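These notes are about the structure you will find just below.
Note that the coordinates shown come from a computational prediction; the quantities given were computed from them, not determined experimentally.
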Amino acid sequence: LGIIGPNGSGKTTLLKMMNGIFWPDKGKITISGKTGALIAVGSGFHLMLTGRENIYINGAILGLSKKEVNEKIDEIIEFADIGEFIDYPVKFYSSGMFIRLGFSVAVTAEPEILLIDEVLAVGDLAFQNKSFQRLGQLKEKSNAAVFVSHNLNHIRNLCDKVMILNRGKQFFYGDTQEAIIEYYKLIGEEKLLKIKEKGISYFEHFSSGDILFHNSGIFDNNESQVDTIAKGEDIVCYFDFELKDYKEELFFAVGILDENRKNSILQYSHDNNLRFCQLSKGKYRLVVRFENPNLSPGIYSSSFAIRDKKTGATYERIIGLNPFSIRGEIIPRATIHTNSQWKLSNFSEKKKTLICEH
């Protein structure tokens, strides 16, 4: 079971209640089976004792006899891979060393139910890989694990079912992929709400004073203003501005920016051979449609600039306009998702052999 949710939603608190550290205010928790927990860095360690001595203490907490620890101690020390520090007091350990030793004891004891918090993120990449391989082995033995993590790749690869917690309550429970989709939707809505609550209309604004910017927004296909669109739909941006006097020729730069305000898509009117000539004083609306951009689900905003076509001088430039969210089922691992072709061939023989093509 994976447990995911925004910070402060109650994930670690729930694990601590399952491990008997906290008691629930209402209801009850029933656990059938021997549990092992890795919830906080250094939990269950006596700082003045050595790593080796703490193995026996942690083993006893997990229900192992001294004889059973003696049988497993070499395996635990080898898996922890902290070298000579195994005989040093653990008060000298780094957080990564705490995790190595604590996790090694927990998984070697092979509890029927293993409770794991985000603490594995503290370890280095090599130890993380070894840890997740061991979790996979425990899973094959039908041992149960409750796994709290912000790393959705780990959740996707390890978990059969996922619970989403939000503000102390169960928001969703079900299939892993469906849960990840719901989670992206939830955090997108939460982020967009926080942005709107701050009342910030843009991030950066430069104006020469020659042109006045008035308003902007996002349209759906029916030209109704929206702040959420489905993944793969056209993104239609509009920008209202006013010319204070006659302009011979202008060009525009319009972009869609990701959450870090980096351009995901940027369009220049002159790249599209569009000319805006002999514009008199007055109010105007520019509408730009980004066709099937296929952006990943997330939070985006727009950028807008007006420049003189002959000199390149900037009249108006605004970054971070009208934040909006993109929702969708596919969760790609980049800002823009596109189709691709794959081919794997074997060159180890004298002739090339096609293994698979997709």
Side-chain angles (χ1 to χ4, degrees), residues 1-3 11-23 29-149 154 158-159:
L1 173 67
I3 301 179
K11 303 183 296 297
T12 299
T13 301
L14 179 59
L15 276 195
K16 288 182 176 179
M17 288 195 293
M18 295 177 69
N19 198 40
I21 299 172
F22 295 158
W23 292 101
I29 294 176
T30 302
I31 294 180
S32 176
K34 183 175 69 175
T35 63
L38 193 62
I39 296 176
V41 175
S43 57
F45 285 154
H46 191 296
L47 296 180
M48 300 305 295
L49 300 180
T50 66
R52 189 183 300 273
E53 291 166 331
N54 272 290
I55 289 175
Y56 284 93
I57 293 175
N58 268 251
I61 292 172
L62 294 173
L64 298 177
S65 66
K66 185 176 181 180
K67 179 182 177 182
E68 288 174 315
V69 175
N70 285 334
E71 293 172 352
K72 294 175 178 289
I73 192 165
D74 290 340
E75 181 184 351
I76 293 169
I77 293 173
E78 181 182 359
F79 192 92
D81 192 22
I82 56 176
E84 62 183 11
F85 284 96
I86 193 66
D87 292 308
Y88 281 54
V90 298
K91 68 178 182 179
F92 297 116
Y93 283 18
S94 66
S95 57
M97 293 165 70
F98 270 117
I99 292 304
R100 285 174 177 269
L101 187 59
F103 184 82
S104 300
V105 177
V107 296
T108 305
E110 295 192 356
E112 293 166 296
I113 304 166
L114 183 60
L115 310 176
I116 309 172
D117 203 350
E118 187 72 53
V119 289
L120 283 180
V122 177
D124 58 43
L125 186 59
F127 185 75
Q128 285 182 35
N129 289 338
K130 185 164 65 171
S131 299
F132 286 111
Q133 287 175 4
R134 179 59 66 90
L135 288 177
Q137 294 170 0
L138 290 176
K139 182 178 176 182
E140 290 179 1
K141 294 180 179 179
S142 297
N143 294 40
V146 181
F147 181 50
V148 168
S149 180
H154 292 160
L158 280 175
C159 301

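- Taking 4.5 Å as the limit, some side-chain heavy atom of Ile55 sits within range of a side-chain heavy atom of Ile77.
- Listed by chain and number, the residues in a side chain to side chain donor-acceptor pair (under 3.5 Å) with Asp87 are Arg52 (sequence neighbours excluded).
- In this structure the side chain of Leu64 reaches within 4.5 angstrom of the side chain of Lys34, judged on heavy atoms.
- Of all non-hydrogen atoms in Gly59 and Val69, the two that sit nearest each other are CA-CG2, 4.2 Å.
- Judged as a side chain to side chain donor-acceptor pair (under 3.5 Å), and not counting sequence neighbours, the contacts of Thr50 are Glu53.
- The distance from atom CG of Leu115 to atom CG of Leu15, rounded to the nearest 0.5 Å, is 5.5 Å.
- With sequence neighbours excluded, the residues forming a side-chain contact (heavy atoms from CB on, under 4.5 Å) with Phe22 are Thr13, Lys16, Met17, listed by chain and number.
- Shortest non-hydrogen contact noted between Tyr93 and Ile86 is OH-CA, 3.5 Å.
- For the atom pair OG (Ser149) and CD1 (Ile3), the distance works out to 11.5 Å, reported to the nearest 0.5 Å.
- Applying the side chain to side chain donor-acceptor pair (under 3.5 Å) rule to pairs touching residues 64-76 yields Tyr56-Asn70, Ser65-Glu68, sequence neighbours excluded.
- Qualifying ring-ring contact (aromatic ring centres under 6.0 Å, His included) partners for Tyr88, counting only residues two or more places apart in sequence or in other chains: Phe85.
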Subject >> Verdict with reasoning, Val146 to Leu14, per side-chain contact (heavy atoms from CB on, under 4.5 Å) >> reply: CA-CA 10 Å; Val146 181; Leu14 179 59; over 6 Å; no

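- To the nearest 0.5 Å, the span separating CG on Leu101 from CD1 on Ile82 amounts to 5.0 Å.
- From His154, atom NE2 reaches atom CD1 of Ile116 across 11.5 Å, with rounding to the nearest 0.5 Å.
- Residues Pro89 and Met48 share a closest heavy-atom pair of CB-O, 3.9 Å.
- Between the side chain of Asn58 and the backbone N or O of Asn54, at least one donor-acceptor pair lies under 3.5 Å.
- A distance of 9.0 Å separates OG in Ser131 from CD1 in Ile99, rounded to the nearest 0.5 Å.
- Smallest separation of non-hydrogen atoms from Pro111 and Ala106: CD-O, 2.9 Å.
- Listed by chain and residue number, nothing satisfies the side chain to side chain donor-acceptor pair (under 3.5 Å) test with Thr35 (two or more places apart in sequence, or in another chain).
- Judged as a side-chain contact (heavy atoms from CB on, under 4.5 Å), and not counting sequence neighbours, the contacts of Lys130 are Phe79, Asp81, Phe127.
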